[in-house]
Amino acid sequence: MPPIPCFLQPHITAIQQRLLATSAVDDDRARKTGMMYGITLAGILLLILLGALAFIQDNPLLASIDFLAALLLIALLFFLASKGHLYTCIYTGISIMYCLYLYLFISGGIAGTAFLWSYTFPLFVFSLLGPRRGLLISLLYLLSCL
């Protein structure tokens, strides 16, 4: 590994001190922010792929809804990166996916198998909101499906 130039050394030391300072790091917020980015990026990728598949299988309404949800999630990530309102973004993202999953459950999607996506909803809701709020939102989703 090449040596670090001397003009960068003070900056690297300052960054290391900020990262190691316990008061500067909020573990729960950092974990939730990372999970928000990871879950949302995976969702965007899957929505684009499934939207293209729905378009190919001649279901333009489902394709449009998938692409719209992906665009909303992309805008949500830009908002999170620029403004940093984590919980606003979490609740907005969950609301977007709640509506999408409810539509998929009701419509059946392609070949009537879209209800299987409902199994993933509680997973990311519990991981982002915690046990109490996650249970409340999951039960609300279950009641909506019933």
Would a single hydrophobic cluster contain both [Y] and [X], if residues Ile, Leu, Val, Met, Phe, Trp and Tyr are joined by side-chain heavy-atom contacts under 4.5 Å?
| X | Y | value |
| --- | --- | --- |
| Tyr141 | Leu143 | no |
| Phe124 | Leu41 | yes |
| Leu142 | Leu136 | no |
| Met97 | Ile106 | yes |
| Tyr119 | Leu100 | yes |

Practice problem: Hey, can you tell me if Tyr87 and Tyr91 have their rings parallel, tilted or perpendicular (30° and 60° cut-offs)? | Solution: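 Ring orientation of Tyr87 relative to Tyr91: tilted.
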Nearest-0.5 Å distance that lies between atom [atom1] in [X] and atom [atom2] in [Y]:
| X | Y | atom1 | atom2 | result |
| --- | --- | --- | --- | --- |
| Leu128 | Thr40 | CG | OG1 | 7.5 Å |
| Leu104 | Ile65 | CG | CD1 | 8.0 Å |
| Thr120 | Ile39 | OG1 | CD1 | 10.0 Å |
| Met36 | Leu73 | CE | CG | 7.5 Å |
| Ser107 | Leu61 | OG | CG | 8.0 Å |
| Phe79 | Leu86 | CZ | CG | 11.0 Å |

If I compare all heavy atoms of [X] with all of [Y], which pair ends up nearest, and what's the gap?
| X | Y | value |
| --- | --- | --- |
| Leu47 | Ala69 | CD1-CB, 3.8 Å |
| Ser127 | Met35 | CB-CE, 3.0 Å |
| Leu102 | Ser144 | CD1-CB, 3.8 Å |
| Phe67 | Ile48 | CE2-O, 3.5 Å |
| Val125 | Gly134 | CG1-CA, 3.5 Å |

Quiz item: Do other residues, nucleotides or ligands put more than 12 heavy atoms under 6.0 Å from the CZ atom of Phe126?
Solution: yes
Quiz item: Between the side chain of Thr92 and the main-chain N/O of Cys89, is any donor-acceptor distance below 3.5 Å?
Solution: no
Self-check item: Tyr98 and Tyr101 aromatic centres sub-6.0 Å
Solution: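 No: the rings miss the under 6.0 Å criterion.
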Self-check item: Contacts of type side chain to side chain contact (heavy atoms under 4.5 Å, CB included), residue Leu50, not counting sequence neighbours
Solution: Leu53, Asp66, Trp117
Quiz item: Please walk me through it: do Leu45 and Leu49 pass side-chain contact (heavy atoms from CB on, under 4.5 Å)?
Solution: CA-CA 6 Å; Leu45 177 66; Leu49 291 174; 4.3 Å; yes
Exercise. Would you mind reporting whether Leu77 and Ile44 have side-chain heavy atoms less than 4.5 Å apart?
Key: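 Side-chain contact under 4.5 Å: yes.
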Quiz prompt | Check: Ile90 and Ile94 side chains under 4.5 Å, non-hydrogen atoms | solution = yes
Exercise. Kindly write out the residues that satisfy side-chain hydrogen bond (donor to acceptor under 3.5 Å, both in side chains) with Tyr37, not counting sequence neighbours, or none if the list is empty.
Key: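 Tyr37 satisfies side-chain hydrogen bond (donor to acceptor under 3.5 Å, both in side chains) with no other residue.
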Quiz prompt | Verdict with supporting geometry, Leu68 and Leu72, side-chain contact (heavy atoms from CB on, under 4.5 Å) | solution = CA-CA 6 Å; Leu68 176 65; Leu72 289 173; 4.2 Å; yes
